[in-house]
Amino acid sequence: MAIDREQLSQPALAVAPLLLGAEIVSEAHGEPVLVRLTEVEAYEGSLDPASHAFRGQTARNAVMFGPAGHLYCYFVYGMHWCANVTCQREGAAAGVLMRAAQILLGQDAVAARRTARLKPHLLASGPARLAAALGLDGARNGLDLLDPASPVRLRALGSGVGFQTGPRVGVAAAQDLAWRFWLPDEPSVSVYRAGGARSRRRARHT
DNA sequence: TTGTCGATTGAG
DNA sequence: TCAATCGACAAT
């Protein structure tokens with residue numbers, strides 16, 4: 001059964017639980033890779049200082065201002081790609097960062113593409129590792145995850161229940177918000193690291 | 001035009 | 001604990 005875009009056209013806080021346990025298929029590398037999301041984070045647009053869309057629309061974040069159910073890929077730290085599922089209606093920006101997943105299909109191919117040797121449950125643990133596993137980068141930015149013809153598709157949503165929440169990883173702004181969602185007892189869930197490490201390191205010396 | 005810093009990862 | 005590495009954006 002097809003996924004209704006309406007379900008994704010809500011605030012990120014409402015969409016995030018639905019994406020936990022959701023299945024994503026990618027044929028970006030040729031051979032299909034299928035994953036089940038185990039960890040996500042909500043990013044609201046205008047109200048969220050940690051969101052790329054907080055200061056309004058730019059060339060980079062334009063996809064987040066479009067319709068829900070599209071892929072927002074961004075480049076970070078000069079070397080990694082991360083990917084969001086856009087939500088909210090057209091004109092309102094919000095997204096859910098995909099942080100970790102369990103690989104259901106194509107695990108050997110994913111492992112073979114990596115230079116670092118990782119244990120299987122770590123192959124898609126962390127947003128950049130997950131993006132790499134699915135072959136998501138700037139070339140995939142803006143893809144419609146609900147289009148059957150798309151090489152990257154959202155195949156099923158999660159149940160929306162049975163998750164845990166906590167502060168977002170690596171985010172300096174709005175640390176009081178419990179906008180990270182994960183499935184308990186999933187080994188692929190990434191380790192928590194508080195945000196703003198760099199600026200706080202400088203502050204300690206001054 | 002320049003300088004700062006990031007929704008991270010992997011090695012030491 | 002820290003370096004890698006570069007694009008976006010705010011400040012000049």
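All heavy atoms count here, side chains included; hydrogens, waters and symmetry mates do not. Since the structure is predicted, the reported quantities are computational estimates derived from the model, not experimental observations. By convention in this document, chain letters (A, B, ...) are assigned in the order of the sequence lines, proteins followed by strands, and residues within each chain are numbered from 1.
- A stacked arrangement is not assigned to A:Y77 and the six-membered base ring of B:dG6, the conditions of a centre distance below 5.5 Å and an interplanar angle below 30° not being jointly met.
- The side chain of A:R55 approaches C:dA10 more closely than any other nucleotide in the set C:dT5, B:dT8, C:dA10.
- Phosphate proximity of B:dA7 to A:R193: absent, as no side-chain N or O sits under 4.0 Å from OP1 or OP2.
- Side chain A:H52 to base C:dA8: no donor-acceptor pair is found below 3.5 Å.
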Canonical and wobble pairing (Watson-Crick, G-U, under 3.5 Å) of DNA chain B, dot-bracket with |: ||||||.||||.
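- Out of B:dA7, B:dG10, B:dT9, the shortest distance to the side chain of A:N84 is found at B:dA7.
- If you check every strand for non-hydrogen atoms under 4.0 Å, A:A128 touches sugar and phosphate atoms only.
- Using a 4.0 Å heavy-atom criterion, one finds that A:R114 contacts the sugar-phosphate atoms exclusively.
- Counting any heavy atom pair closer than 4.0 Å across all strands shown, A:R60 reaches sugar-phosphate atoms only and no base atom.
- Relative orientation of the A:H52 and A:Y74 rings is perpendicular, given thresholds of 30° and 60° on the angle between their planes.
- B:dG10 atom C1' lies 8 Å from atom CZ of A:R129, rounded to whole Å.
- Remark: nothing in residues 134-141 of chain A comes within less than 4.0 Å of DNA chain B through any heavy atom.
- Of the candidates B:dA7, B:dA11, C:dC9, B:dA11 carries the atom nearest the A:A116 side chain, counting heavy atoms from C-beta on.
- Following rounding to the nearest Å, A:H80 (NE2) and B:dG6 (P) show an atom-to-atom distance of 15 Å.
- One finds no side-chain N or O of A:T115 lying less than 4.0 angstrom from the OP1 or OP2 phosphate oxygen of B:dG10.
- Considering only side-chain atoms of A:Y43, the nucleotide from B:dA7, C:dC9, B:dT8 that sits closest is B:dA7.
- Between the CZ atom of A:R180 and the P atom of B:dT8 there is a distance of 11 Å, rounded to whole Å.
- Residue A:F54 contributes atom CZ, which lies 16 Å from atom C1' of B:dG6 at whole-angstrom precision.
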